[in-house]
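Have a look at this one before I ask anything.
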Amino acid sequence: MTSNTQKIAWNAFSDAMAVAGSIGGIILGLVFALAGRDDMIKFHGWLFAAACSVACLILLMRMFDDEENVDDTGYFDGPVRVATVATIFWGVVGFLVGDIIAWQLAFPVLNLDLPWTSFGRLRPLHTSGVVFAFGGNALIATSLYVVQRTCRARMVGRWSPWFLVWGYQLFIVLAATGYILGVTQSKEYAEPEWYVDIWLTLVWVVYLLVFMGTLMRRKEPHIYVANWFFLSFIVTVAMLHLVNNAALPVSFLGSKSYIIYSGVQDAMTQWWYGHNAVGFFLTAGFLGMMYYFVPKRAERPVYSYRLSIVHFWSIIFLYIWAGPHHLHYTALPDWAQTLGMTFSIMLWMPSWGGMINGLMTLSGAWDKLRTDPVIRMLVVSVAFYGMSTFEGPLMSVKAVNSLSHYTDWTIGHVHSGALGWVGFVSFGAVYCLVPWLWGRKGLYSMKLVEWHFWVSTLGILLYITSMWVSGILQGLMWRAYDQLGFLEYSFVETVEAMHPFYVIRAVGGLMFVVGSLLMAWNLWKTVYGEEPADLRDQPRVAAAPEFRESPAMARPAAAE
């Protein structure tokens with residue numbers, strides 16, 4: 001049998017398996033829709049059946065299509081483009097919902113006295129929307145792009161990469177509608193109910209297989225360090241998800257389930273998951289992004305490749321033990337609390353090693369900070385990474401934690417990492433990806449990137465500084481006693497004192513939303529194919545590879 005015949009046979013087999021899987025999904029969705037024991041699972045059943053029906057229709061239309069899923073570049077970038085667009089879309093949605101709940105805290109009347117618009121339901125929608133929808137799609141897009149280029153190999157699979165990307169969007173929709181309609185497991189960062197968790201598990205296994213399969217078919221013998229970070233994020237998040245979300249459903253036709261753990265064991269499992277979701281989803285994965293896009297945009301090698309390897313293995317071994325510091329002064333045994341604090345402090349070293357490596361990659365190219373707002377955004381994200389990874393271990397120390405815990409200081413810390421580190425490195429990566437993926441001469445407007453950078457940076461500073469001040473004020477008011485030993489302030493008085501800081505926080509969040517809208521408009525014009533407004537001011541690396549040697553991209557003599 002010739003290789004071409006084998007390819008046709010394999011494509012036909014994969015098509016048949018994909019169609020069979022989508023038909024199975026339709027049947028399963030209809031079972032939940034028609035026999036479900038509550039309205040939530042019936043709604044999700046119809047939603048799942050509809051999604052599988054669309055997938056089945058597309059598959060049937062493409063049946064026996066023997067064309068390779070390969071772009072002109074020789075890589076498989078269709079799913080990467082979808083994930084990139086999803087990153088931008090979910091980012092705007094997640095940031096907007098976050099700012100709405102910030103205004104709700106300042107003015108509770110904005111809850112509108114409706115269950116679906118209350119803070120309690122919109123808050124998990126915001127956190128999951130930013131972390132998993134925005135951040136998750138950014139990680140999928142960049143990891144699938146980077147692994148192909150650094151391995152010089154096409155991504156494996158005919159339909160599996162498409163299943164990964166669109167299956168992940170279905171997970172986001174199922175989770176988000178569950179939050180709004182009030183059906184969750186009530187676990188921090190792990191709210192979706194049991195059947196949504198099972199769907200995410202299936203999608204994530206496909207993600208691991210696609211990523212590892214691409215690594216295995218690499219033509220480049222060396223595995224670049226960014227791929228180690230991406231792989232560790234995929235494997236560890238899978239382990240965290242399976243352990244923390246282990247639950248028993250009340251009925252296999254109902255949405256309600258109960259976690260198998262209870263009491264302090266449940267709390268410890270939750271914060272082992274929660275802190276390592278930060279450590280591997282929001283840190284390791286985005287470090288993989290940093291180690292590719294900062295050197296690529298700066299057109300400089302990584303400052304120290306040996307340091308990047310030490311950074312990787314130190315993070316991997318230390319981060320997994322730090323979760324107990326979320327449970328200081330609780331029923332968790334004191335030795336476990338101290339263990340979490342100790343490993344958190346030890347994390348200072350590898351975290352700052354990674355920050356130094358990222359910043360020093362610009363050695364010999366610091367002038368690019370003045371001329372290229374995209375590299376400026378990437379470098380500022382690394383600076384925020386360093387600041388957040390200094391503040392986190394500091395807050396894990398018991399004496400500091402006694403003041404900071406349960407206050408807005410924690411909120412400020414989380415958002416300095418989420419907006420400054422995760423947000424900015426994702427923005428920088430997307431600004432790089434869009435012209436490369438769509439074959440454009442450059443971004444539509446570097447001026448809009450400049451505006452995005454400054455508006456968002458000012459918004460972040462307003463946000464985190466207001467939360468630092470309000471958090472320390474909260475902690476001091478809560479622990480203030482009068483001469484008779486009674487609490488000096490009632491809880492209502494502490495809430496009143498927070499009002500001006502909540503307004504400042506909401507204004508800062510609004511500025512961040514405005515920045516994301518500027519980005520979305522800029523990237524829409526880029527994808528649409530508008531001629532860049534300031535082409536001659538853009539660095540050569542901003543263009544897709546086919547344009548990089550074009551005379552049109554050369555700078556005028558005066559600018560050299």
Determine which pairs satisfy side-chain hydrogen bond (donor to acceptor under 3.5 Å, both in side chains) with at least one residue from residues 228-243, sequence neighbours left out, and list them in order.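 For residues 228-243, and leaving out neighbouring residues, the side-chain hydrogen bond (donor to acceptor under 3.5 Å, both in side chains) pairs sorted by first residue read Thr201-His241, His241-Asn245.
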
Ring pair (Phe, Tyr, Trp, His ring centres under 6.0 Å) against Phe171, all qualifying residues, sequence neighbours excluded: Tyr168

Exercise: identify the closest heavy-atom pair between Phe134 and Trp90: N-CB, 3.9 Å

What pairs with Asp99 under salt bridge (Lys or Arg N to Asp or Glu O under 4.0 Å), at least two apart in sequence or on another chain? none

Any luck finding a side-chain donor-acceptor pair between Gln474 and Thr494 under 3.5 Å? no

Heavy-atom closest contact (Met289 atom, Val425 atom, distance):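 Looks like SD-O, 3.8 Å.
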
Checking Tyr292 now: which residues fulfil ring pair (Phe, Tyr, Trp, His ring centres under 6.0 Å) with it, not counting sequence neighbours?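 Testing Tyr292 for ring pair (Phe, Tyr, Trp, His ring centres under 6.0 Å), a comparison that skips the adjacent residues, returns none.
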
On a heavy-atom basis, which atom in Trp478 and which in Leu487 lie closest, and how many Å separate them? O-CD2, 3.5 Å

Does any pair with a residue in residues 256-265 pass salt bridge (charged side-chain N to carboxylate O under 4.0 Å, His left out), and if so which ones, sequence neighbours excluded? none

Determine the minimum heavy-atom distance between His328 and Ser396, stating which atoms define it.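 The answer is NE2-O, 2.6 Å.
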
What's the spacing between Thr84 OG1 and Leu144 CG if we round to 0.5 Å? 9.5 Å

Sequence neighbours left out, cut at 3.5 Å: what donor-acceptor pairs do the side chains of residues 495-508 make with other protein atoms?
unit_1, atom_1, unit_2, atom_2, d
His499, ND1, Ala106, O, 3.2
Tyr502, OH, Asp408, OD2, 3.0
Arg505, NH1, Tyr463, OH, 3.2

What residues, two or more places apart in sequence or in another chain, satisfy ring pair (Phe, Tyr, Trp, His ring centres under 6.0 Å) together with Tyr431?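 For Tyr431, the residues satisfying ring pair (Phe, Tyr, Trp, His ring centres under 6.0 Å) (neighbours in sequence not counted) are His452.
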
How are the rings of Tyr207 and Trp204 set to each other: parallel, tilted or perpendicular (split at 30° and 60°)?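 Tyr207 and Trp204: perpendicular rings.
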
Going by heavy atoms in the side chains, are Leu248 and Tyr258 under 4.5 Å from each other? no

side-chain contact (heavy atoms from CB on, under 4.5 Å) between Glu191 and Gln185: does it pass, once the steps are laid out? CA-CA 5 Å; Glu191 285 95 340; Gln185 288 184 148; 5.7 Å; no

Report the C-alpha separation of Tyr329 and His405 in whole Å, then their side-chain angles, then the decisive distance to 0.1 Å, and conclude whether the ring-ring contact (aromatic ring centres under 6.0 Å, His included) test is met. CA-CA 10 Å; Tyr329 306 107; His405 208 38; 8.7 Å; no

Quick check on ring-ring contact (aromatic ring centres under 6.0 Å, His included): which of Phe286, Phe281, Phe280 does Phe233 satisfy it with? Phe281

Any Phe312 side-chain heavy atom under 4.5 Å of Ile315 side chain: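 No - every pair of side-chain heavy atoms lies 4.5 Å or more apart.
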
Which pairs pass salt bridge (charged side-chain N to carboxylate O under 4.0 Å, His left out) with one or both residues in residues 457-468, sequence neighbours excluded? none

Tyr319: what forms a ring pair (Phe, Tyr, Trp, His ring centres under 6.0 Å) with it, not counting sequence neighbours?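 Testing Tyr319 for ring pair (Phe, Tyr, Trp, His ring centres under 6.0 Å), a comparison that skips the adjacent residues, returns His275.
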
If we only count heavy atoms from C-beta on, is the Asn276 to Met239 side-chain gap below 4.5 Å?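 Not touching, per the 4.5 Å side-chain cut-off.
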
Please, which pairs that meet salt bridge (charged side-chain N to carboxylate O under 4.0 Å, His left out) have at least one residue in residues 257-269, sequence neighbours excluded? Lys187-Asp266

Heavy-atom closest pair, residues Gln337 and Leu327: CD-O, 3.6 Å

Would you say that Val294 contacts Leu362 through its side chain, given a criterion of any heavy-atom pair below 4.5 Å between the two side chains?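 With C-beta onward as the side chain, the pair touches.
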
Whether the side chain of Asn522 engages the backbone of Leu443 through a donor-acceptor N/O pair (distance < 3.5 Å, no angle test) should be reported. no

Return the minimal non-hydrogen interatomic distance between Ser381 and Phe424, and the atom names on each side. CB-CB, 3.5 Å

Report the C-alpha separation of Trp421 and Met290 in whole Å, then their side-chain angles, then the decisive distance to 0.1 Å, and conclude whether the side-chain contact (heavy atoms from CB on, under 4.5 Å) test is met. CA-CA 10 Å; Trp421 159 236; Met290 178 196 83; 4.1 Å; yes

Looking just at side-chain N and O atoms, do Tyr291 and Ser308 make a donor-acceptor pair shorter than 3.5 Å?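 Judged by distance alone, the side chains do not pair up.
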
Sort and list the pairs that fulfil salt bridge (charged side-chain N to carboxylate O under 4.0 Å, His left out) and have at least one residue in residues 117-129, not counting sequence neighbours. Arg123-Glu188

Can you name the residues that form a salt bridge (Lys or Arg N to Asp or Glu O under 4.0 Å) with Arg376, not counting sequence neighbours?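 Testing Arg376 for salt bridge (Lys or Arg N to Asp or Glu O under 4.0 Å), a comparison that skips the adjacent residues, returns Glu450.
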
